[in-house]
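Every chain is numbered from 1, with letters handed out A, B, ... down the list of sequences. Computation of the quantities below employed the complete heavy-atom set of this structure, encompassing side-chain atoms and omitting hydrogens, waters and symmetry-equivalent molecules.
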Amino acid sequence: MPTIADTAPADTTFRAASLELSGIELAFGTNKVLRGVDLVVPAGRTACVIGPSGSGKSTLLRATNRLLEPDAGDIRLGGESVLRSNPDELRRRIGMVFQHFNLFPHKTVLENITLPLRKIKKLTPEGAVAAARIQLELVGLREKESARPGNLSGGQQQRVAIARALAMKPEVMLFDEATSALDPELVKGVLSLMADLASAGMTMIVVTHEMGFARQVADQVAFMDRGVVVEAGAPDKLFTAAESPRLQQFLSQVL
Amino acid sequence: MDIWSTLSDTFLDWESMKAVLPEMLKVGLVNTLILAAASVVLGTVLGMVVAVMGLSRRRWLRWPAKIYTDIFRGLPAILTILLIGQGLSPITRHWWGPNPYPLGILALSLIAAAYIGEIFRSGIQSVEKGQLEAARALGFTYTSGMWLIVIPQGVRRVLPALVNQFIALVKESSLVYFLGLLASQRELFRIGQDAAATNGNLSPLLLAGIFYLIITVPLTHLVNYFDKRLREGRPTAELEVEELVHADHR
């Protein structure tokens, strides 16, 4: 199976962009879920966001591509503020992968990828199929193109979801606990695909409970708790010399 | 008195059935199918409009859909058909004369739309939130995400309920006879009833009943087929290939 790194120059010329979140606040009614989050991810780098359930990690990702509108703060993509532009156009530049894959079950694997290419990118049917097959090849599932998502394993579904997002040529990729719903034996394949993508130079924010992945792949790790980034830094430093008591406690529970 | 011969005289008079059969086929069946098919199409389209309005984030679209559904689902069908079919005919007779069909179809469709709208709404609402979220994350607008991703899945899930509603429409189409039909406009029930009155036995009505069953029974089997496919998943070429492969290994 060709890895993304092997084929990157020919097939996936990323226009990876930097992403800066500053002072992001978001509330559901009176419940303040994000209380001023700052996170800077330089182009081509990977940031892992860790933290306990309910700390606001998933909400932060949804605020980043404006599936949820932030109440305050600024989002800069490639140095340019995007909070006042059309959110649909912003989302076309940011790929997102979900915990439960969210493939379209009534479409085949190939159609899952070609549908947005045709309807949003306005590719011809032939062009969309060609582009989709390149992505399926990269995730090692070319032979499954006519299967329905329901007939694939969770790991295969997630790889299709990654292919679908990558086919849109995003500048940033967001991963929301992409392996949390997978059986243990399927986790590795998805994580190694994500690691390949990181080393190929994609800008990524990865919300994860996989501490091993965060430690090996991330350029920086941010620990979130109660709607703020409590501590952030290089993974080695964060995992071996945590400063804040909350992070120390969290690590002692998960490691 | 022989009970069997009395019953057979009343229901199984072959002569009066034979006499009415050509008219039943050429006039009654055709008219019933026209009434039912037209109401199914119009009722489904209107039902989708009602469902989408009912799911709207805008209150001024949601409320009319709610009120519409309450009214047309809450009234007896015969009352709605008479109110619309007779009440509006002084206005519409300028356009198509005294023909009761257009208003009959309109009334049947308005009633069906209230039920079908609720069927569609429940189906669309049953689609996981993640589907619209994934569509939007790819860059689809809310509207195109709904129409391309969410609504097709919702409709699939309610196909059995939808076909049940079509069966109800086939049967309810007989109610247009209350609007007064010319000889050529009579549908299955009315032809059966007229012949029954003329011959003094119910065999023609029984024949009409058999015609209804010929239309509705295949539809109920269609419901069962959709239902089974929904529960067990749809067979795909992929699965068949895998089964063959496994069979080889055995």
Side-chain angles (χ1 to χ4, degrees), chain A residues 58 61-62 64-68 86-122 143-152 157 160-161 164-170 173-176 181, chain B residues 48 51 57-58 120 122-162 225-248:
Chain A
S58 294
L61 289 189
R62 283 164 177 73
T64 303
N65 67 358
R66 293 175 66 193
L67 282 175
L68 298 170
N86 179 340
D88 295 323
E89 269 157 35
L90 170 67
R91 288 184 210 116
R92 288 164 200 175
R93 300 170 61 191
I94 299 181
M96 185 161 186
V97 175
F98 298 88
Q99 181 177 358
H100 296 288
F101 332 131
N102 297 353
L103 293 178
F104 307 137
H106 60 308
K107 303 276 177 195
T108 65
V109 162
L110 191 68
E111 288 164 348
N112 260 275
I113 305 175
T114 55
L115 183 77
L117 289 175
R118 290 179 53 195
K119 300 290 176 182
I120 298 171
K121 292 257 176 184
K122 307 290 179 200
E143 80 281 8
K144 293 285 183 190
E145 67 172 43
S146 8
R148 303 251 164 198
N151 294 332
L152 301 182
Q157 289 190 53
V160 173
R164 180 174 72 178
L166 288 177
M168 299 296 285
K169 302 277 176 198
M173 283 286 285
L174 309 177
F175 292 86
D176 185 17
Chain B
M48 182 54 83
R57 290 173 294 186
R58 296 180 185 87
F120 279 148
S122 68
I124 294 165
Q125 275 183 326
S126 77
V127 176
E128 298 74 24
K129 296 263 179 297
Q131 290 291 308
L132 183 62
E133 199 175 41
R136 302 219 67 191
L138 285 163
F140 285 105
T141 60
Y142 175 82
T143 310
S144 59
M146 285 299 284
W147 280 107
L148 290 170
I149 308 298
V150 178
I151 290 177
Q153 292 183 55
V155 170
R156 253 159 242 243
R157 290 179 194 190
V158 294
L159 279 178
L162 197 61
Y225 168 74
F226 282 138
D227 214 29
K228 187 162 180 265
R229 208 179 72 169
L230 276 174
R231 274 184 285 112
E232 296 173 7
R234 138 182 173 155
T236 63
E238 181 78 19
L239 263 182
E240 282 157 25
V241 169
E242 278 181 8
E243 275 162 16
L244 285 177
V245 171
H246 286 302
D248 278 349

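With a 4.5 Å cut-off on side-chain heavy atoms, B/Arg136 and A/Pro87 do not count as touching.
Annotation: maximal heavy-atom pairing with chain B below 4.5 Å, among A/Leu103, A/Leu115, A/Asp88, occurs at A/Asp88. Taking chain B as the reference chain and counting heavy-atom pairs below 4.5 Å, the highest number among A/Arg164, A/Lys121, A/Gln99, A/Lys107 is found for A/Arg164. Considering only heavy-atom pairs separated by less than 4.5 Å from chain A, the leading option among B/Ala134, B/Ser144, B/Gly139 is B/Gly139. No other option in A/Arg92, A/Met168, A/Glu89 has as many heavy-atom pairs under 4.5 Å with chain B as A/Arg92.
The shortest heavy-atom contact between A/Ala167 and A/Leu117 is O-CD2, 3.3 Å. Between A/Thr108 and A/Ser146, the shortest heavy-atom contact is CG2-O, 3.8 Å.
Of the two parts of A/Leu90, neither the backbone nor the side chain holds a non-hydrogen atom closer than 4.5 Å to a non-hydrogen atom of chain B. Heavy-atom distances place both the backbone and the side chain of A/Phe104 under 4.5 Å from chain B.
Atom CZ of A/Arg91 is separated from atom CE of A/Met96 by 10.5 Å, given to the nearest 0.5 angstrom.
Within the 3.5 Å criterion, the main-chain N or O of A/Pro149 finds a donor-acceptor partner in the side chain of A/Gln157.
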